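Okay, so here's the structure we're looking at.
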Amino acid sequence: PIQNIGNNARLLLRADLDDETRTASRQTIERELVTLKRFMDDVINVTRPRPLERFAVDVNTAVAEVVDAMRAEAERADVQLAGIYAPVPLQLDGDRFALGRVWRNLITNAIQATPAGGRVTVRTGGDDRTIDVTVTDTGVGIPAERLGAIFDDFVTTKRRGLGLGLAISKRIVEQLDGTITVASQPGHGTTFTLRFPRSTAGAVDVAS
């Protein structure tokens, strides 16, 4: 969010910027400020998970929006980002904003772990009772001795960051009665699998 805010703030200083781009930049700054505030709330409340709102969420739509929003980041890293979505609607009772942060965090991690020329694939699926979302990369993988701790607070395999992303993602998923697991092979990539109970009732939240 900070990088996006900075980039768009610099754009707004350009005298030759057209009105449409200027409006889009302002909207991006406003949206990312909200996201940043939520991130800071996570740091403050890392040991006190707060209740999440629950509405019927169309998983295919929600995941596709995040994948589309992150294509530019993948392109900058020379990584192919692909979304493969179930041919039928997938609906769960969840917090759309919180889930969006989970998708974004997993995809960001996958892109950062994947060398140039690699691929990140986000897939949705499931059955009559459950919904699955997987994020698979062709990256460097995670050593076996690190797998057991990657969801712990302040644990990270990256040089930068607080190591809260996966811990918070796990808590969000579990608050929504879901599970998150990881399988990885060093040198061959990593797959995160999220599984949620499926809902068939209620109006679907498809708002941006």
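Everything numeric here is computed off the predicted structure, so don't read it as measured data.
Using a cutoff of 4.0 Å between basic side-chain nitrogens and carboxylate oxygens, E73 and R104 are not scored as salt-bridged. Salt bridge E75/R71: absent, no basic N to carboxylate O contact under 4.0 Å. D16 has a carboxylate O that lies under 4.0 Å from a charged side-chain N of R14, or vice versa, which qualifies the two as a salt bridge. Salt bridge status for D177 with R54: present, with a side-chain N to carboxylate O gap under 4.0 Å.
Taking CG from L11 and CZ from R26, the interatomic distance works out to 12.0 Å, rounded to the nearest 0.5 Å. Taking CG from N109 and CG from D137, the interatomic distance works out to 9.0 Å, rounded to the nearest 0.5 Å. Atom CD of Q175 sits about 11.0 Å away from atom CD1 of I168, to the nearest 0.5 Å. Between atom OG1 of residue T191 and atom CZ of residue R123 there is a gap of 10.0 Å, rounded to the nearest 0.5 Å. Atom CG of L36 and atom CD1 of I29 lie 12.5 Å apart (nearest 0.5 Å). Taking CZ of R96 as the start and CG of L52 as the end, the distance is 15.0 Å to the nearest 0.5 Å.
Residue-environment remark: CD (E20) stays at or below the threshold of 12 foreign heavy atoms within 6.0 Å. Surrounding CD1 of I2 are at most 12 heavy atoms belonging to other residues, nucleotides or ligands under 6.0 Å away.
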Might you work through the side-chain contact (heavy atoms from CB on, under 4.5 Å) test for D132 and L90, ending with a clear yes or no?
-> CA-CA 9 Å; D132 293 337; L90 300 175; over 6 Å; no
Run the salt bridge (charged side-chain N to carboxylate O under 4.0 Å, His left out) check on K170 and E174 step by step: do they pass?
-> CA-CA 6 Å; K170 183 174 186 288; E174 291 180 343; 2.6 Å; yes
Before giving the answer on side-chain contact (heavy atoms from CB on, under 4.5 Å), spell out for F196 and V57 the whole-Å C-alpha distance, their side-chain angles and the decisive distance to 0.1 Å.
-> CA-CA 12 Å; F196 300 93; V57 175; over 6 Å; no
Candidate pair V122 and T134, rule side-chain contact (heavy atoms from CB on, under 4.5 Å), full reasoning | CA-CA 6 Å; V122 184; T134 62; over 6 Å; no
Go through the steps for I180 and T193 under the test side-chain contact (heavy atoms from CB on, under 4.5 Å), then give the verdict.
-> CA-CA 6 Å; I180 179 170; T193 300; over 6 Å; no
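Partner L194 forms a side chain to side chain contact (heavy atoms under 4.5 Å, CB included) with one of V59, V173, L99, I131 and no other, that one being V173.
Of all the heavy atoms in V135 and A110, the pair that sits closest is CG1-CB, 4.0 Å. Of all heavy-atom pairs spanning A56 and Q91, the tightest one is CB-NE2, 3.3 Å. Here the closest heavy-atom approach between residue N8 and residue N4 is recorded as ND2-O, 2.8 Å. Annotation for I111 and M70: closest pair CD1-O, 4.3 Å, computed over non-hydrogen atoms. Across all their heavy atoms, P115 and G139 have their closest contact at CD-CA, 3.8 Å. Across all non-hydrogen atoms, the minimal contact from R198 to P89 is NH2-O, 2.8 Å.
In terms of modelled atom types and a separation under 3.5 Å, the side chain of T130 and the main chain of G126 share no donor-acceptor contact. Side chain of T21 to backbone of L17: no donor-acceptor contact under 3.5 angstrom is found. When atom types are taken as modelled, the side chain of S184 and the backbone of I142 share a donor-acceptor pair closer than 3.5 angstrom. Using modelled atom types, one side-chain atom of N60 and one backbone atom of A86 make a donor-acceptor pair closer than 3.5 Å.
Considering only residues two or more places apart in sequence or on other chains, T138 meets the side-chain hydrogen bond (donor to acceptor under 3.5 Å, both in side chains) condition with none of them.
Residues T108 and N105 have side chains that never bring a donor and an acceptor to within less than 3.5 angstrom of each other.
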